[in-house]
Amino acid sequence: MNTEVIIVGGGIIGCAAAYNLAKNGVSVLVLEGSENIGNGGSTRNGGGVRQSGRDPRELPLVMYAIKNIWPNLSDMLETNVEYYQEGNLRLGSTPEHQKILEGLTARAAACGLDVKMISGDEARAINPYLSDAVTCASWCPTDGHANPLTATMGYYKMARRLGAHFISDEKVTELRKIKGKVRQVITASGNVYEADTIILAAGYESRFIADTVGIDIPMQPVLLETLVTEAVAPMFWQMLGTAAADFYGHQTEHGSFVFGLNSGLEPYAKPGKPVSSSIAASAACRGIMNYFPSLKNIKVVRTWAGWMDSCADHVPVISTVDEVPGLILACGFTGHGFGIAPAVGLVLSQLAMGQETAVDLSALRYNRFN
Amino acid sequence: MKRYDLIIAGAGPAGLSAAIEAAKCGMKVVVYDENARPGGQLFKQIHKFFGSKEHKAKIRGFHIGEELLAEAADLGVEVVLNSVVIGLFPEKEVTVKIDNHVEHVKGDTILIATGASENMVTFPGWTLPGVIGAGAAQTMMNLHGILPGKKVLMLGSGNVGLVVSFQLMQAGCEVVALADAAPRVGGYGVHASKVARCGVPFYLSHTIVSADGCDHVTGVTIGEVDKNWNVIPGTEKHFDVDTICLAVGLSPMSKLCDMAGCEMEDNPAKAGFVPKVDEFGETSIPGIYAAGDVSGIEEASSAMIEGRIAGIAAAIRLGYISEADGKEKIAEQEAALNGLRQGMFAPGMRGKMITETEEGVSISQNLLKHGFVADDEIERFPGITHSKGIHPVIECTQNIPCNPCQDACPKHCIKIGKNITALPAVDEEQECIGCGMCVASCSGQAIFLVNEDCGDGTAEITLPYEFLPLPKKGDKGVALNRKGEQVCSAEVADVRSAKAFDHTSLLTMKVPKEYAMKARFFRKEEAV
Amino acid sequence: MRINEHPILGTYEKGELVTFTFDGKELEGYAGEPIAMALKDAGVMVHRYTKKQHKPRGIFCAIGRCTDCVMVVNGQPNVRTCITPLEAGMEICTQYGVTAKQPGGETE
Amino acid sequence: MNDRNRMLAPFVPQPDDDIIVCRCEEITKGEIRRAVHDGMFTLTEIRRYLRTGMGLCQGQTCTKLVKGIVARELGVRPDALEPATGRAPMRPIEMRILAQDKEDAE
């Protein structure tokens, strides 16, 4: 099979890139190693579309996405991605938290972001369900959240409709250079696919695939855990986070709450199939109830876990590779790939088409670790 | 963290049986169950079970549950009710919700015995209040004493549909019809017959077209289906009902196995998504076992034996019993299990069309199509004889693993032999004393005592009777035939109840003698 | 309707007779029995109306699995009435979507 | 390998497309069939796209029904489709209870 672009990895990054390429009439093939499209972090995250708290190097991507893509994404994908731009509250209850939040706020404001420190009372004015434990918060009114499941599947649906070819259960094991240019993609089932350009967006697996053409991206798998509750009547629409980073999340349009968890033990999870820990949800519930006592009777219906590709410096690699012409890397998203995915999909298509990218990607080059 | 030798999820027949065997070997065992009462579905089973003595045959399901529970308690098994196993994590860590907190416990071995959940079918109106699962009907009437409805249509002719139809009538509901899309009755013929003779019409090859009603069910329309399961226009029939009961099969409730990481398979022979287990019930994860319906839908009797085997296997694993002794015990259980897995309804026979019994007698086609054996078919079965005077008439026409009638007769009139699935035969050489033990012992209510000619132009028929109000001697009414049609007038000649009969009364009715082999049920009728 | 005497089970063990309210109406039931049973005895068929299509739902599985019978109990939505024991003085309300408020009145 | 662009029989509306299949989330048969034609070839994808089996009961009733519909639409046997992974908690559980998980909770 011969196409112009092969995308390795059918997560939201791969699907969004495929969508943008297909829309421009580029023939594209997406190879997904697992059975399901969007099987990794794409569908296992808290759904944040945040600018606040982001590393300045990836901030331009999310600002671009929030300004130009997220507001129209539901129409574009003919899928309700449940995007709500109702602000982000990052909560704190101790002087240490205040210090952390002030640092984050100062750095983001320096990048031109509309974010500020507010008092506990101001936070409670924005979200009346907050407890008195909250003494400080950072507030970014242009942040928001969306539904990672429908956004991922929506990109997939529209890319497919526009002619992008998808094959799942087709695990890529090797890339091969032909006459100095990466050209072939070889899979575990023995199939060989060829393309002019290959985008590697396979999460942590990307590390082993890139290795076959002599490239290493320093990242490691870290477990991500999430819980979701029953649906209740709408309470608030802000995205939430904490200075201690013990939980983050929001109430969805459906009425359920989605919270990302952090028990601190995630980096030590055993390799293999991602498995929820027996204590993370309980720990998160204590943290959530401390700030939101009125959620104490809400029922948790499901927890799930996934691997994220945690990069050495916590921002992704989105880059062409000088010494491997034809290869484009898109990995190491470190658990914050969702909010920037629409912009990443766009710039990846631009890289593949040899166009100037909508956002400057020089800080996300692959060779920054050298 | 608290640690047990064996943690069992589910205090049903499999879980309790495993607990008993493990505890007998000296293991420290805890059983968690989310219900307020232990026993799983056994506590809703008020009918007598099939099998032989070692399978607890002719004992009612809920009594079996009580016996298992008492035995487990005597052996020091900790049974924790109202406790929900919410997760099974690596290192055999279990999280359990108990009261208002969550406990973390570990087991050196784990048994998952979470049972099954009911399948459902869709049709217009299937979400209306009044459309319920057959299990829901059982829960309401047999656990809580609440009538599920006044007029009920049952969908499903498997054993659950048949047994629950009978239970609905025992509780005081009217079962207006029993429908099934399949062309043949799926459950035991004897269960079908006891429902049919009460006057419930069977509609095979029929499915529900719609449930009618605005806020709740007020009626149901069924229709005949063609080979492609499409309703044939013009065959629709309407019934005024307030309840539609769905009994369309069970699926293993195996989520916990899947979460634990056990290797799973979708196995139609086991009725769904089940963990792969070896002959001891051990899953792909060493030390994690599964037994009962969770590893493949079968009868409660089989679940109990599977549980015992898993319990013994866990004891071998942890060195509480030597491998040699344990294997010997397991071999005994396997023999008992093989006994149950025989006959026309054995797991391996699913979907097979059977035309003859093991004895070479043609199967009653009327039984499969209409739920009762036709008059011209009944004579060919070995349980039917025409001796002078009182004698048993055994209308047991399919090979099922059950033999209490053979043991019940003090005069050895009834012969099944070593092969537990053989059709019972009446030995005319032996004299029947009319004690009725066979009638009360038959879990299928398929045995009658008949005196075909009392000398005065009448015949006397003694039948099992499990309804209230219990008719009294001298009550006049009508006799119903196997189809449930009124065939003649009848008078109650005797009603016997005894502890040994276990709530099955023996009702003797007098009918004109030409109805001796036709009349099979009595209904008291108010004089018109 | 209750079964007073059952041919096999005899009579049923019940807790104390208590009163509770259903949508403000006072009803009686036995303490400890599932809320759904007391409601069924009182002839209540509809436990809730669904969120999208506003369709009625009631008891379906009766063992806490299907969650169709959920209602607002003492202010808490989504309570599985088929497995939640009845207590004296409970306030039980028909659930509309996920609240006890009927749609059409004030907006949610 | 599972080619997502293989030809399916064309989508033909059926008279019972408006029947509810997932009772909790009120997802209809027609929506499920449409989703298959939109590329959702696995039960997990259907779930993520439509929310089938993601309501309060977590798919206890509809899993088998959805499986049957998707299998028919794809022209495969139902047992060829993997069900969604079992996840804790097995039953809905209040945050305040889940939060009480210390060994000395009492």
* To do: For D:Ala88 and B:Gly87, work out which heavy atoms get closest and say how close.
  => CB-CA, 4.2 Å
* Grab the two heavy atoms, one from D:Val21 and one from B:Trp126, that are nearest each other, plus how far apart they are. => O-CZ2, 3.6 Å
* To do: Could you tell me whether the side chains of B:His104 and D:Asp101 share a donor-acceptor contact shorter than 3.5 Å?
  => yes
* Structure fact -> In terms of heavy-atom contacts, B:Pro124 and D:Ile19 come closest through N-CD1, 3.4 Å
* Structure fact -> Interatomic distance, OG@B:Ser210 vs CG@D:Asp16, rounded to 0.5 Å, equals 12.5 Å
* Counting distance only, does the side-chain N/O of B:Asp258 pair as donor-acceptor with the main-chain N or O of D:Gly86 below 3.5 Å? -> yes
* Do other residues, nucleotides or ligands put more than 12 heavy atoms under 6.0 Å from the CZ atom of D:Arg34? -> no
* Run the side chain to side chain contact (heavy atoms under 4.5 Å, CB included) check on D:Ile93 and B:Val102 step by step: do they pass? -> CA-CA 10 Å; D:Ile93 175 167; B:Val102 171; 3.8 Å; yes
* To do: Let me see the working for D:Gln58 and B:Lys255 under side chain to side chain contact (heavy atoms under 4.5 Å, CB included), right down to the final yes or no.
  => CA-CA 11 Å; D:Gln58 291 293 296; B:Lys255 258 184 161 180; 3.5 Å; yes
* Asked: Minimum heavy-atom separation for D:Arg77 to B:Pro268, with atom names?
  -> NH2-CG, 4.3 Å
* Asked: Any side-chain heavy atom of B:Val85 within less than 4.5 Å of one from D:Met90?
  -> no
* **Within-4.5 Å side-chain heavy-atom neighbours: B:Thr122 and D:Ile20** => no
* **side chain to side chain donor-acceptor pair (under 3.5 Å) partners of residues 82-92 of chain D, not counting sequence neighbours, each pair once** => B:Glu34-D:Arg91
* **Atom pair OG (B:Ser251) and CD (D:Gln60), whose distance is rounded to the nearest 0.5 Å** => 11.0 Å
* To do: Under 4.5 Å heavy-atom distance to chain B, tell me which part of D:Leu98 shows up: side chain, backbone, both or neither.
  => both
* To do: Count the heavy-atom pairs under 4.5 Å between each of B:Asn267, B:Leu256, B:Val84 and chain D, then report the option with the highest count.
  => B:Leu256
* **Sequence neighbours excluded - ring-ring contact (aromatic ring centres under 6.0 Å, His included) pairs with any residue from residues 25-53 of chain D** => D:Phe11-D:His37
* Which bit of B:Met264 comes within less than 4.5 Å of chain D, counting heavy atoms only: side chain, backbone, both or neither? -> neither
* Under a 4.5 Å cut-off applied to non-hydrogen side-chain atoms, are B:Asn100 and D:Gln100 in contact? -> no
* Can you check whether anything in residues 65-75 of chain D gets within less than 4.5 Å of chain B, heavy-atom wise, and list it by number? => D:Leu65, D:Lys67
* Which residues pass the side-chain contact (heavy atoms from CB on, under 4.5 Å) test with B:Lys44, sequence neighbours left out? -> B:Gln41, B:Gln138, B:Thr139, B:Leu143, C:Ile63
